[in-house]
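All values below were derived from every heavy atom in this structure, side-chain atoms included, with hydrogens, water molecules and symmetry-related copies excluded.
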Amino acid sequence: MPTIPFPGRVFLLLFTAYSTILFVISLIQRAPLQAALLEFKGFLLYPFMAYIVAAGLRTVRLVRWSIGIVVFWYIYVAAQGIRQFVRGEQGIGWSDLFRASGDYAPINTYGITLGAICLLVVGIAVYSSDKRLKLIFGLIATWLFLGSVVSVSRTVWIACASGMMVLLLSGKKAGYAISVILFGIVLFSSLPTQVSGRIDQFSDSSTEKRQFYFESGLRSWEARWLTGWSWGSAYWYYPGVGLVPTSDGVAWYHNDYLNLAAQTGVIGVALYVGYWLQTLLATNRWYKDHADSPMSGYVRGAQLALVVLLVSAGFEHVLWKPDIAGLVGWVCGLMLACMRLHDD
């Protein structure tokens with residue numbers, strides 16, 4: 001059996017070494033152990049999880065079963081969210097608007113997760129040669145996207161649009177991407193005013209809090225821009241006061257890249273982002289030689305889902321929190337497994 005592709009391995013191994021050094025420094029400085037360990041292990045664990053997933057998905061049959069189980073589960077989760085939204089149950093009130101979570105996870109995590117699985121299905125549908133399967137997968141993707149929409153999360157729209165831009169720029173399937181984008185525009189324009197108004201306005205209390213989080217993260221990073229403060233050291237910024245340590249040592253900046261920058265500096269961000277860029281670019285290189293492979297839909301779908309998650313990490317905590325970061329590892333592992341299985 002061909003070896004598992006390991007794109008960006010130099011970046012990941014260097015990031016691992018650098019992060020470990022910073023973790024030791026955190027222990028020496030007596031940073032809160034739980035806080036230091038939480039993000040240190042999170043940022044490292046899930047990229048490596050991808051190779052465990054890829055090693056386990058040894059056959060096309062296992063790949064299909066894995067995708068089928070995941071998609072079936074999230075069809076159910078989407079149904080729960082849609083039901084909640086229609087009934088106005090267990091959401092977060094915004095005037096008379098309810099934001100659904102499907103009893104699955106925090107609202108934005110729920111929406112991002114369904115958005116990622118939706119794009120996985122879109123990729124499979126676009127590359128399927130069977131018209132009946134295209135229709136079935138298209139209906140499933142639509143259902144999943146509706147499930148993500150009822151979270152009323154701005155991040156969902158931004159991240160899914162980014163995923164579709166990747167498909168658009170792929171060239172060969174640009175027509176499908178344009179169709180999906182037009183469908184999204186029509187759907188958005190037909191949403192109730194309260195829903196669309198919540199998405200396209202930027203003056204609510206949530207936005208103001210995010211501005212505070214963003215400025216705190218930016219100021220923390222500026223103070224030690226090269227190497228960061230090390231794991232478990234996080235600060236809020238108050239005008240006229242300056243940087244004040246957070247109560248638990250966790251950087252809750254709602255932006256994983258700012259979290260990483262504040263704790264590991266430019267060095268850590270460059271290595272970590274470099275790994276993901278190399279992984280995504282390796283997929284594009286694979287397509288140049290295998291565009292007509294029976295695995296191409298799975299690879300593209302996983303790539304689109306991964307883009308959704310990586311973009312969402314700029315607005316939420318995705319890459320290190322256990323309630324969603326495991327999906328990052330699974331999607332990346334699925335992508336690598338399918339790239340390998342073509343050559344089997």
Under a single-linkage definition using a 4.5 Å side-chain heavy-atom cutoff for Ile, Leu, Val, Met, Phe, Trp and Tyr, are Leu281 and Leu13 assigned to the same hydrophobic cluster? no

Is the distance from the ring center of Tyr238 to that of Phe212 below 6.0 Å? yes

Please table the atom pairs, donor to acceptor, closer than 3.5 Å between any side-chain atom in residues 109-126 and protein atoms at least two apart or in another chain.
from, atom 1, to, atom 2, distance (Å)
Tyr110, OH, Gly147, O, 2.7
Thr113, OG1, Thr109, O, 2.7

Please name the pair of heavy atoms, one in Trp143 and one in Ile75, separated by the smallest distance, quoted to 0.1 Å. NE1-O, 3.2 Å

Check whether the ring centres of Tyr104 and Tyr74 lie less than 6.0 Å apart, and answer yes or no. yes

Could you pull out the closest heavy-atom pair between Leu304 and Leu167, with the gap in Å? CD2-N, 4.0 Å

Mind listing the side-chain donor-acceptor pairs of residues 183-191 below 3.5 Å, one per line with the distance, residues two or more places apart or on another chain?
from, atom 1, to, atom 2, distance (Å)
Ser189, OG, Ile185, O, 3.2
Ser189, OG, Val186, O, 2.8
Ser190, OG, Val186, O, 3.2
Ser190, OG, Leu187, O, 2.9

Worked verdict on Leu14 versus Tyr275 for side-chain contact (heavy atoms from CB on, under 4.5 Å): CA-CA 10 Å; Leu14 287 175; Tyr275 163 72; over 6 Å; no

Reference residue Tyr213; test ring-ring contact (aromatic ring centres under 6.0 Å, His included); the match among Trp252, Tyr253, Trp236: Trp236

Could you please spell out the steps behind the side-chain contact (heavy atoms from CB on, under 4.5 Å) verdict for Asn284 and Gln303? CA-CA 9 Å; Asn284 288 339; Gln303 182 196 41; 3.1 Å; yes

ILVMFWY cluster membership beyond Leu139 - transitive side-chain contacts under 4.5 angstrom: Leu135

Within the structure provided, determine whether Met49 and Val328 are in side-chain contact (heavy-atom separation under 4.5 Å). no

To the closest 0.5 Å, what do you measure between CG (Asp323) and NE2 (His317)? 11.0 Å

Answer yes or no: does atom CD of Glu222 have more than 12 heavy-atom neighbours from other residues, nucleotides or ligands under 6.0 Å? yes

Look at the side-chain heavy atoms of Ile, Leu, Val, Met, Phe, Trp and Tyr, link any pair under 4.5 Å apart, and say whether Val331 and Leu277 land in one connected group. yes

With under 30° as parallel and over 60° as perpendicular, where do the rings of Phe15 and Phe43 fit, or are they tilted in between? perpendicular

Where Gly297 and Tyr127 come nearest, the two heavy atoms and their spacing: CA-CB, 3.4 Å

Is the closest side-chain heavy-atom distance between Thr20 and Trp231 below 4.5 Å? no

When you check the side-chain N and O atoms of Asn108 and Glu316, is any donor under 3.5 Å from an acceptor? yes

Mind listing the closest non-hydrogen atom pair of Met335 and Ala302 along with its distance? CB-CB, 3.6 Å

Taking the inter-plane angle between the rings of Tyr235 and Trp229 on a 0 to 90° scale, is it parallel (under 30°), tilted (30 to 60°) or perpendicular (over 60°)? tilted

If you define the side chain from C-beta out and look only at heavy atoms, does anything of Ile107 sit under 4.5 Å from Val152? no

Are Leu226 and Phe23 co-members of a hydrophobic cluster defined by side-chain heavy atoms under 4.5 Å apart? yes

Determine, stepwise, if the pair Glu39 / Gln263 fulfils side-chain contact (heavy atoms from CB on, under 4.5 Å). CA-CA 10 Å; Glu39 291 188 69; Gln263 294 175 101; 3.1 Å; yes

Please state whether the rings of Trp73 and Tyr76 are parallel, tilted or perpendicular, taking 30° and 60° as the class boundaries. tilted

Any donor-acceptor pair under 3.5 Å linking the side-chain atoms of Gln34 with those of Asp248? no

Locate the shortest heavy-atom distance separating Ala262 from Ser220; write the atom from each residue and the value. CB-CB, 4.0 Å

At what distance, to the nearest 0.5 angstrom, does CG of Leu336 lie from CG of Leu341? 11.0 Å

Kindly indicate whether the side chain of Phe315, heavy atoms from C-beta on, has any atom under 4.5 Å from the side chain of His254. no

Check the side chains of Ser230 and Ser26 for a donor-acceptor pair under 3.5 angstrom, ignoring hydrogens and angles. yes

Rounded distance [0.5 Å steps], CG in Leu260 versus CG in Leu319: 8.5 Å

What verdict does the ring-ring contact (aromatic ring centres under 6.0 Å, His included) test give for Phe145 and Trp157, after you've listed the backbone C-alpha separation in whole Å, the side-chain angles of each residue and the deciding distance to 0.1 Å? CA-CA 10 Å; Phe145 189 66; Trp157 290 89; 5.3 Å; yes

Do Leu306 and Trp276 have side chains that approach each other closer than 4.5 Å (heavy atoms only, starting at C-beta)? yes

Quick one: are Leu168 and Met165 in side-chain contact, heavy atoms under 4.5 Å? yes

Is there a donor-acceptor pair closer than 3.5 Å between any side-chain N or O of Ser179 and the backbone N or O of Gly175? yes

With side-chain contact (heavy atoms from CB on, under 4.5 Å) as the criterion, how do Ile181 and Ile178 come out once you've worked through the C-alpha distance, each side chain's angles and the decisive distance to 0.1 Å? CA-CA 5 Å; Ile181 291 170; Ile178 293 172; 5.6 Å; no

If you compare all heavy atoms of Lys134 against all heavy atoms of Ser128, which two are closest, and at what distance to 0.1 Å? CE-O, 2.8 Å

So Ser162 and Val166, do their side chains get closer than 4.5 Å, heavy atoms only? no

I'd like to check Tyr287 versus Arg300 (side-chain heavy atoms, cut-off strictly below 4.5 Å). Are they in contact? yes

